[in-house]
K.L.:
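Structure incoming, see below.
Remember, predicted model here, so these are calculated numbers, not experimental data.
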Amino acid sequence: AWEEVALDGWEVIGLNDRSDIVFPAPVWALAEVGDRVFVGGRFTHVRRGPGSVEYPQSFLAAFDRASGEWISDFRPQIENGVYALSASPDGTRLLVGGEFTDIDGMPNTSGLAALDPITGEVDPTFVANVTHANSVNSVKEIVTHGPHVYIAGDFTHVQGATGEPQRQY
């Protein structure tokens, strides 16, 4: 039989679940930017091992790469699942993709945004607003190659800073 063993390390727990999620898992993505490791998914809390205090932190959390400590002042507000994470092509930002309509209430952050990996603030110079004409948008993968960012998921349009929404196929 499986039993829970207390470890002296931080973890994400809980599941913000919906019946239409095919794989109801709390963690969907990991990325490393600088000296931080980021965890994205459908989790609801972080804690330091079983039986310890649970802190509300939904969908995205940051941890120190060397110590494993949860970085409690990295607290972007996201209302739905994070399914994809990546360092930006230049390694200075955290790219976040998922099923959200905005991050911190900022415009042009539907489904995809770039965050400052230290403060968690949205980078307003990165604009790639992702929408779905008939449903909820969902970015499930982010890949960078050279200076380019490629995304995959369930969406119909991507709108950059200077143009009309472009239909994606």
K.L.:
Applying salt bridge (charged side-chain N to carboxylate O under 4.0 Å, His left out) as the test, list every pair that has at least one member in residues 115-133; sequence neighbours left out.
P.N.:
Arg93-Asp116, Arg93-Asp123

K.L.:
Does any part of the side chain of Pro26, heavy atoms only, come nearer than 4.5 Å to the side chain of Arg42, both counted from C-beta?
P.N.:
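Side chain of Arg42 against side chain of Pro26, heavy atoms only: no contact under 4.5 Å found.
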
K.L.:
Closer than 3.5 angstrom, by distance alone: can the side chain of Ser110 be matched with the main-chain N or O of Thr131 as a donor-acceptor pair?
P.N.:
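No; judged by distance alone, with no hydrogens or angles, the pair does not exist.
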
K.L.:
Main chain of Pro117, side chain of Arg36: is a donor-acceptor contact present, judged purely on distance under 3.5 Å?
P.N.:
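A pair under 3.5 Å: yes.
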
K.L.:
Would you find a donor on one side and an acceptor on the other, under 3.5 Å apart, between the side chain of Asp90 and the backbone of Thr92?
P.N.:
yes

K.L.:
Under a 4.5 Å cut-off applied to non-hydrogen side-chain atoms, are Thr156 and Asn134 in contact?
P.N.:
no

K.L.:
Is it true that a side-chain atom of Glu79 and a backbone atom of Gln77 form a donor plus acceptor pair closer than 3.5 Å?
P.N.:
no

K.L.:
Less than 4.5 Å apart, side chain to side chain, heavy atoms only: is that true for Ser72 and Gln57?
P.N.:
no

K.L.:
If every non-hydrogen atom of Gly81 is compared with every non-hydrogen atom of Phe100, which pair is closest and at what distance?
P.N.:
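Distance-wise, the nearest heavy atoms are O-CD2, 3.7 Å.
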
K.L.:
Taking all atoms of both residues into account, what is the closest heavy-atom pair of Ala61 and Phe43, and its distance?
P.N.:
N-CZ, 3.8 Å

K.L.:
Between Phe155 and Leu112, is the side chain to side chain contact (heavy atoms under 4.5 Å, CB included) condition met? List the steps.
P.N.:
CA-CA 11 Å; Phe155 53 90; Leu112 183 65; over 6 Å; no

K.L.:
Output yes when a side-chain donor or acceptor of Arg65 lies under 3.5 Å from a complementary backbone atom of Val37, and no otherwise.
P.N.:
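Looks like no, no N/O pair under 3.5 Å.
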
K.L.:
Hey, does Phe59 have a side-chain heavy atom less than 4.5 Å from the side chain of Val96?
P.N.:
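When only atoms from C-beta onward are counted, Phe59 and Val96 do not touch, as no gap falls below 4.5 Å.
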
K.L.:
Please tell me if the side chains of Leu115 and Phe38 come closer than 4.5 Å, counting only heavy atoms from C-beta onward.
P.N.:
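They are not in contact (no side-chain heavy atoms under 4.5 Å apart), so the answer is no.
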
K.L.:
Side-chain heavy atoms nearer than 4.5 Å, only ILVMFWY residues, links allowed to pass through others: does that put Ile118 and Phe63 together?
P.N.:
no

K.L.:
Enter the distance from Ser67:OG to Trp10:CH2 here, rounded to the nearest 0.5 Å.
P.N.:
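With rounding to 0.5 Å, OG (Ser67) is 10.5 Å from CH2 (Trp10).
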
K.L.:
Of all heavy-atom pairs between Gly120 and Asp104, which one has the smallest distance, and what is that distance?
P.N.:
O-OD2, 4.0 Å

K.L.:
Work out which heavy atom in Val33 is nearest to a heavy atom in Gly91; give both atom names and the distance.
P.N.:
CG1-O, 3.6 Å

K.L.:
Once you round to the nearest 0.5 Å, how far does CD1 of Ile78 lie from OG1 of Thr101?
P.N.:
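So the gap between those two atoms works out to 10.5 Å.
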
K.L.:
Can you tell me how far the CD1 atom of Ile13 sits from the OG1 atom of Thr44, to the nearest 0.5 Å?
P.N.:
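If we round to the nearest 0.5 Å, Ile13:CD1 and Thr44:OG1 are 6.0 Å apart.
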
K.L.:
For Pro89 and Leu95, work out which heavy atoms get closest and say how close.
P.N.:
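Heavy-atom minimum between the residues: CD-CD1, 4.5 Å.
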
K.L.:
What about Leu60 and Met106, same hydrophobic cluster or not, with Ile/Leu/Val/Met/Phe/Trp/Tyr joined at side-chain heavy-atom distances under 4.5 Å?
P.N.:
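Same hydrophobic cluster.
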
K.L.:
For the residue pair Leu85 and Leu94, establish whether any side-chain heavy-atom pair is separated by less than 4.5 Å.
P.N.:
yes

K.L.:
Can you find a pair of side-chain heavy atoms, one from His132 and one from Glu99, that are under 4.5 Å apart?
P.N.:
no

K.L.:
Can you get from Val53 to Ile71 by hopping between Ile, Leu, Val, Met, Phe, Trp and Tyr side chains that sit under 4.5 Å apart?
P.N.:
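No, Val53 and Ile71 fall in different hydrophobic clusters.
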
K.L.:
Strictly by salt bridge (charged side-chain N to carboxylate O under 4.0 Å, His left out), give each pair with a member in residues 143-155 just once, sequence neighbours left out.
P.N.:
none

K.L.:
Quick check: closest heavy atoms across Phe74 and Thr119, and the distance to 0.1 Å?
P.N.:
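Heavy atoms only, the tightest pair is CD1-C, 4.2 Å.
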
K.L.:
List the atom pairs, donor and acceptor, that lie under 3.5 Å between side-chain atoms in residues 137-144 and the rest of the protein, sequence neighbours left out.
P.N.:
residue	atom	partner	partner atom	Å
Asn137	ND2	Val130	O	3.4

